[in-house]
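Remember, it's a predicted structure, so these values are computed and weren't measured experimentally. Every number for a ligand or one of its atoms is a count from 1 in the order of the listing.
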Amino acid sequence: MLSERVELGANSYSIEFSSDPYSAISTFLQTYLGKKVLLIMDDHVESIYGAKLLLSLRSAGHAPLSFVFPSGENNKTIDQVMNLLDVALTGHWNRDDIFLVIGGGVVGDMGAFAASLCLRGVPLIHVPTTLLAQVDSSIGGKTGVNHAKGKNLIGTFYQPKQVIISPHFLKTLDEREIRTGLSEIIKYAMIDSPVLLSQLSEWLLAHPIQYYADYPDSFWESVIGQCVRIKARVVSADEKESGRRMILNYGHTFGHAIETATHYTRYTHGEAIAVGMNLAALIARGLGLCDDTLIQTQQSLLQLSGLPIQSDGVMLNTLLDIVKNDKKVKNGRLTLVLPEYIGKVRIVPDVDEDNIRKILQEVMP
Ligand code: GLY
């Protein structure tokens with residue numbers, strides 16, 4: 001099975017692929033025997049995997065506590081973090097007791113944020129169960145919760161001790177969850193890998209997305225592995241996003257704004273990012289950075305993946321107002337990640353808001 005490493009000196013860690021995540025978790029936790037383990041999950045993951053996980057941890061000699069909260073982006077709140085910390089601190093947590101976070105992006109971001117705060121930082125292991133969390137959010141140490149002013153506006157950088165990825169968990173995802181993960185995979189192809197883009201396009205043409213349940217583990221290991229490799233390399237070079245890591249935000253500035261404008265209910269993260277990538281490409285073309293072929297190639301792949309390329313009912317003015325409040329906006333000037341060609345994006349500082357408005361007016365009300 002594959003293994004990748006994020007190289008961050010004393011904070012380095014490995015990302016292990018395993019067809020049997022239960023034994024991979026037990027193997028990693030051998031060094032934590034005698035330490036307390038807090039299993040953090042939402043009620044959806046708990047209903048499918050909770051009993052088996054608890055049994056497996058108990059058989060491996062642990063006596064885990066668990067924190068279960070209602071699933072959904074609207075529960076990624078500071079209040080839930082406080083509830084989680086109550087469980088740990090009431091359980092007399094020590095600094096070498098470990099948080100085991102299992103689930104999608106919401107659970108991962110929130111559980112990791114809590115780990116970074118508890119006693120100024122306790123060890124953390126990520127077991128991502130959604131495609132999106134496996135290719136992106138579980139790697140790289142971004143943690144956080146949402147605020148009424150925007151998504152992930154409260155958070156920290158905090159690296160896990162290990163990430164365990166298994167295609168086993170993909171089997172219980174619905175098609176919309178698979179599509180939302182594909183959106184981040186397309187992001188990786190657009191920013192770094194024409195090879196991944198061709199592989200994905202050819203695969204989806206031959207194996208339409210409705211038949212995702214029949215996709216073999218070897219397909220998932222290959223595409224997830226390529227994304228993880230790209231992410232590990234980018235994060236190893238720029239942990240705190242002072243430069244190059246910004247390329248991972250391709251499609252995210254407008255994507256986050258769409259999520260905020262629709263109150264995190266109408267679009268999944270991946271769907272919003274799909275629209276965001278299309279808007280970023282249209283802006284790039286308007287600024288003369290890329291050609292029509294890139295727009296069409298990206299739109300075709302997004303549509304083959306069953307993803308939207310435009311958002312219904314979100315007005316351009318609303319979108320731009322939210323974008324201006326994005327944490328990545330410096331001194332009121334927009335810095336955007338824009339594509340030049342497939343596999344190459346550029347960080348463009350000082351993009352003029354009026355210019356964006358003129359370009360997007362043609363596709364948005
Ligand atoms: N999801 C973008 C990043 O981790 O930097």
Practice task
Quick one: do K142 and Q159 satisfy side-chain contact (heavy atoms from CB on, under 4.5 Å)? Show the steps, please.
Solution key: CA-CA 8 Å; K142 279 190 181 176; Q159 302 296 339; over 6 Å; no
Practice task
With side-chain contact (heavy atoms from CB on, under 4.5 Å) as the test, would you mind laying out the steps for I98 and W93 before giving the verdict?
Solution key: CA-CA 9 Å; I98 188 164; W93 222 248; 5.9 Å; no
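Classified by interplanar angle (parallel below 30°, tilted 30° to 60°, perpendicular above 60°), the ring pair H256/H252 is perpendicular.
Between the side chains of K76 and N152, at least one donor N or O lies within less than 3.5 Å of an accepting N or O.
The side chain of K231, and not its backbone, has at least one atom closer than 4.0 Å to an atom of ligand 1 (non-hydrogen atoms only; side chain from C-beta on).
For the pair R245 and ligand 1, the shortest N or O to N or O distance falls below 3.5 Å. At under 3.5 Å, a nitrogen or oxygen of K142, whether backbone or side chain, sits near a nitrogen or oxygen of ligand 1. At a 3.5 angstrom cut-off on N or O pairs, D136 counts as close to ligand 1.
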